**Q** 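Mind looking over this structure? Questions follow.
Remember, predicted model here, so these are calculated numbers, not experimental data. Reminder, nothing fancy here: chain letters follow the sequence lines and each chain counts from 1.
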Protein chains: 4
Amino acid sequence: MKLKDDKKVIQIFQAALKLVAKKGLSGITMGDISREAGIATGTVYVYFKGKDELINALFAACRENSVKVSFKGYQPQMPFKLAFKHIWLNILRYKLQNFEECVFLEQCYHSPFITTETREKALQLSAPFYELMMRGQQEQLIKSTDVGLLLTFIIGTINELVKQTHYGGITLNRSKINTSFDLCWDGLKA
Amino acid sequence: MKLKDDKKVIQIFQAALKLVAKKGLSGITMGDISREAGIATGTVYVYFKGKDELINALFAACRENSVKVSFKGYQPQMPFKLAFKHIWLNILRYKLQNFEECVFLEQCYHSPFITTETREKALQLSAPFYELMMRGQQEQLIKSTDVGLLLTFIIGTINELVKQTHYGGITLNRSKINTSFDLCWDGLKA
Amino acid sequence: MKLKDDKKVIQIFQAALKLVAKKGLSGITMGDISREAGIATGTVYVYFKGKDELINALFAACRENSVKVSFKGYQPQMPFKLAFKHIWLNILRYKLQNFEECVFLEQCYHSPFITTETREKALQLSAPFYELMMRGQQEQLIKSTDVGLLLTFIIGTINELVKQTHYGGITLNRSKINTSFDLCWDGLKA
Amino acid sequence: MKLKDDKKVIQIFQAALKLVAKKGLSGITMGDISREAGIATGTVYVYFKGKDELINALFAACRENSVKVSFKGYQPQMPFKLAFKHIWLNILRYKLQNFEECVFLEQCYHSPFITTETREKALQLSAPFYELMMRGQQEQLIKSTDVGLLLTFIIGTINELVKQTHYGGITLNRSKINTSFDLCWDGLKA
DNA sequence: GATGAATGAGATTTCATTCAT
DNA sequence: TATGAATGAAATCTCATTCAT
């Protein structure tokens, strides 16, 4: 990926995200992406060696962004439940506001585009979440079971909530958000 | 006279599921499917008008199957928590054992293949789950909040658990299954 | 071509003619023909070795029929102009009433289906027309020029008339038919 | 930057015409056309959305060309018979020299390719011919009957003449051309 | 003989990528 | 670098023909 024009990379990424959310990973072509991005097909190849590289780069960027956003404003000295809710809301907000990224990440999971290398790098980014949960366990506020299980539980909850919200199954408001958090917290708490 | 062979449809479905799980919805071709199913490419078109129709039909079949299996062995006279756990385990077992179907359903959601008609039919199949939750609320065993929210919570939990299990993040055993159920139930209970 | 069921051959021929008139020679398939004929695809192959043979057989049948019909009621002792008009009307009537056959014959002319053998046999059937024109020349009623040229002139006239009639460019009636004949006769007469 | 090349369209058209004349409309494939045109199959799709569009565009182009050529050198102040013969010869020459176009136009008439829209546009191009005949009628040189009928007579004559010439039934020379014109004119004249 | 499902070669079309400008 | 026409391999789909019943 050359660095001639960062704006173009962003245009390409946004075009790809928009199209994947609309038509799925299986439904997009390089032509679609370039058209949506407002540039020529050939130009995409100036920035990415090919479709695979583009998808992998976008996957990595989304993954990174999602983690960064999740911990925004997190202060380790905050009481645990407050900190947890802060992050929980960060994640929820991120997923709602960047739904396209979430869809993309999910679609990528089973695609032949993502290399194992990309996949592993993504996994490593989960470390801060593990640490957070372990802190909660040390403070005996949440169940002392397998941390992976707990994280799975939390993420699954949020994911489905976001999905249902976007597909109109649920209309979120402040009250429902709090209820959802309570469902999650009541499940977790020791 | 040769008659249309129901077994062929099943062969085609299974081939498609296997390939989607392995290579993603974007990675399968009609050629792949027919080869995997052990029939000629043209034969697939005897049973389905085209790729779209095939995918939609498979989607509907999977969706139907998942609901049918979930309620297997459910007796309305069972005490609620028992009944709920029975179904919860049914769903978990189904998703673990038919992971390919789950991946397929998920991949389809954002694909250009699934028509709104198919999507709506799928939605209607959720009715029994809504009824179950409402029973739990009437018996004042679970939180009296939006049922859609509760279902979302439950399904999200299971989905992520299955996903993590399959990708090696988690190695499930009886104890972890029970823990996961407890996380879910503790969240739900009134 | 086996002789098990003459009715089937006729059904197949009529189906083919109807479809060629509607969709052109390039637009018909063996499947279309059998469906239109109300029989199974495989059955067509009981009567014809393949598509080529079917088309060639139909071509020959149409060609033969057209000649036979043209001379119906022709009495050599009739005065020439009367005889000529009789045949001219026969041809016109035939082409109007069997428009599908005409379209078919015309479409076949440039198709790769018709073998040179079939083509030559068709040519031989023109002999009676040549003889008729030569009689007119002997009686010094029509121009004594190349007979092929005269026939070409006559047939071309009728063909285009039929075509225009069928495509709505012209609405034929007795008066217009007579006018058309006059155009032709005035051109021919010595 | 490479720009769309008008020459390519012409190459494609010529390739298609050549092949239709040789193998009929039913015998040509996009592959054949691109090969004959000396370009890649995919390139044809840069210029035409599909086979249908290609055929329709070629049909329109031929139709337009035929009319334009017919009136080449026509001066309204020429005496009618001279003008008429001039145009008659133009048409004959055009059809002889562009036999491929004629075959193509004829084959298209009953094909499923030509849309009604294309067909109607073609019809409108006949207007100048109608005007010419009406002039002849006003000058009382030709029969005052339905103009459509007269045109049909003229075109039919030429068409069949060209066809027979190409299929070896007739070997044209200056004398035969004049004879043919006389056949036509004697038929028309008042 | 009649049927229509099955076949696979071949047709149409798409699309990632290259290349000339 | 930017462009978009050109490419051709591969995908989707069609269809003449065969074959099992």
Side-chain angles (χ1 to χ4, degrees), chain A residues 2-5 8 26-35 37-55, chain B residues 1-8 26-35 37-54, chain C residues 2-5 8 26-35 37-55, chain D residues 1-8 26-35 37-54:
Chain A
K2 286 149 205 159
L3 296 173
K4 274 284 141 183
D5 188 350
K8 286 244 166 58
S26 62
I28 55 161
T29 69
M30 293 298 264
D32 287 341
I33 294 171
S34 62
R35 202 172 310 115
I39 59 179
T41 319
T43 310
V44 177
Y45 285 83
V46 173
Y47 294 90
F48 300 97
K49 231 165 52 191
K51 197 180 185 182
D52 281 32
E53 193 178 294
L54 194 165
I55 303 274
Chain B
M1 187 181 74
K2 242 184 263 175
L3 281 174
K4 263 197 204 179
D5 183 358
D6 275 359
K7 253 191 298 180
K8 285 246 165 55
S26 57
I28 55 160
T29 69
M30 294 298 264
D32 288 341
I33 293 171
S34 61
R35 203 171 310 115
I39 59 179
T41 316
T43 308
V44 178
Y45 288 85
V46 171
Y47 293 87
F48 301 99
K49 240 182 16 213
K51 197 180 184 181
D52 281 33
E53 195 178 291
L54 165 52
Chain C
K2 285 149 207 162
L3 297 172
K4 273 284 139 182
D5 189 350
K8 287 243 166 57
S26 62
I28 54 160
T29 69
M30 292 299 265
D32 287 340
I33 294 171
S34 61
R35 202 172 310 115
I39 59 179
T41 318
T43 310
V44 177
Y45 286 83
V46 173
Y47 293 89
F48 300 98
K49 228 164 53 189
K51 197 181 185 182
D52 282 32
E53 193 179 294
L54 193 166
I55 303 273
Chain D
M1 188 182 75
K2 242 184 264 177
L3 281 174
K4 263 196 203 178
D5 185 357
D6 275 359
K7 255 190 297 179
K8 287 245 165 56
S26 58
I28 55 161
T29 70
M30 293 299 264
D32 288 342
I33 294 171
S34 62
R35 203 171 310 115
I39 59 179
T41 317
T43 308
V44 178
Y45 287 84
V46 172
Y47 293 87
F48 301 98
K49 244 181 16 211
K51 198 180 183 182
D52 281 33
E53 195 177 293
L54 165 52

**Q** Nearest-Å distance, CG (L54(D)) to P (dA11(E))?
**A** 16 Å
**Q** I'd like to check Y47(D) versus D5(D) (side-chain heavy atoms, cut-off strictly below 4.5 Å). Are they in contact?
**A**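 Yes; the side chains approach each other to less than 4.5 Å.
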**Q** May I have the distance from F48(C) (atom CZ) to dT18(F) (atom C1'), rounded to whole angstrom?
**A**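 Distance check: F48(C) CZ to dT18(F) C1' gives 18 Å.
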**Q** Specify the residue among K8(D) and T29(B) whose closest nucleotide of DNA chain F lies further upstream toward the 5′ end.
**A**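 Whichever sits nearer the 5' end wins; that is K8(D).
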**Q** For dA6(F), take OP1 and OP2 only and decide whether either is under 4.0 Å from a side-chain N or O of K4(D).
**A** no
**Q** Should L54(A) and M30(A) count as side-chain neighbours, where that means a heavy-atom distance under 4.5 Å?
**A**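 The answer is yes, as the side chains (C-beta and beyond) meet within the 4.5 Å cut-off.
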**Q** Once you apply a heavy-atom cut-off of 4.0 Å, does G42(A) come out as touching a base, just sugar-phosphate, or nothing?
**A** base
**Q** Can you check the R35(D) CZ to dT7(F) P distance for me, whole Å?
**A**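 Roughly 14 Å, once rounded to whole Å.
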**Q** Any side-chain N or O of K49(A) less than 4.0 Å from the OP1 or OP2 oxygen of dT17(E)?
**A**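 Negative; the distance criterion is not met.
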**Q** Looking only at non-hydrogen atoms, find the nearest pair between T43(D) and K8(D) and report the distance.
**A**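 Answer, listing the atom of T43(D) first, then K8(D): CG2-CD, 4.2 Å.
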**Q** Considering every strand shown, what is the Watson-Crick or G-U wobble mate of dA20(F) when both distances are under 3.5 Å?
**A** dT3(E)
**Q** Under 4.0 Å: is that the gap between some side-chain N or O of T43(D) and OP1 or OP2 of dA5(F)?
**A** no
**Q** Could you state the CE-C1' distance from M30(A) to dT7(F), rounded to the nearest angstrom?
**A**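 Answer to the nearest Å: 16 Å.
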**Q** For Y45(B) and dA6(E), is the shortest distance between a side-chain N/O and OP1 or OP2 below 4.0 Å?
**A** no
**Q** Round to the nearest Å and state the distance from E53(B) atom CD to dT14(F) atom P.
**A**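 Rounded to the whole Å, the gap is 12 Å.
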**Q** What is the distance from CG of D5(B) to P of dT3(E), rounded to the nearest Å?
**A** 21 Å
**Q** Please tell me if K51(A) has a side-chain N or O lying less than 4.0 Å from either OP1 or OP2 of dC15(E).
**A**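 Result: no.
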**Q** Heavy-atom nearest nucleotide on DNA chain F for Y47(D) versus T41(C): which residue maps closer to 5'?
**A**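 Result: Y47(D).
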**Q** I want to check something: taking the side chain as every heavy atom from C-beta on, are T29(A) and D32(A) in contact at a cut-off of under 4.5 Å?
**A**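 Sidechains of D32(A) and T29(A): in contact.
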**Q** For I39(B) and dA6(E), what is the distance between atoms CD1 and P respectively, to the nearest whole Å?
**A** 8 Å
**Q** On DNA chain E, does the nearest nucleotide to G38(B) precede the nearest nucleotide to G50(D) from the 5' side, or the other way round? Give the residue.
**A**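 It is G38(B), whose closest nucleotide lies nearer the 5' terminus.
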**Q** Give the minimum heavy-atom separation between V46(B) and K4(B), together with the two atoms involved.
**A** O-NZ, 3.5 Å
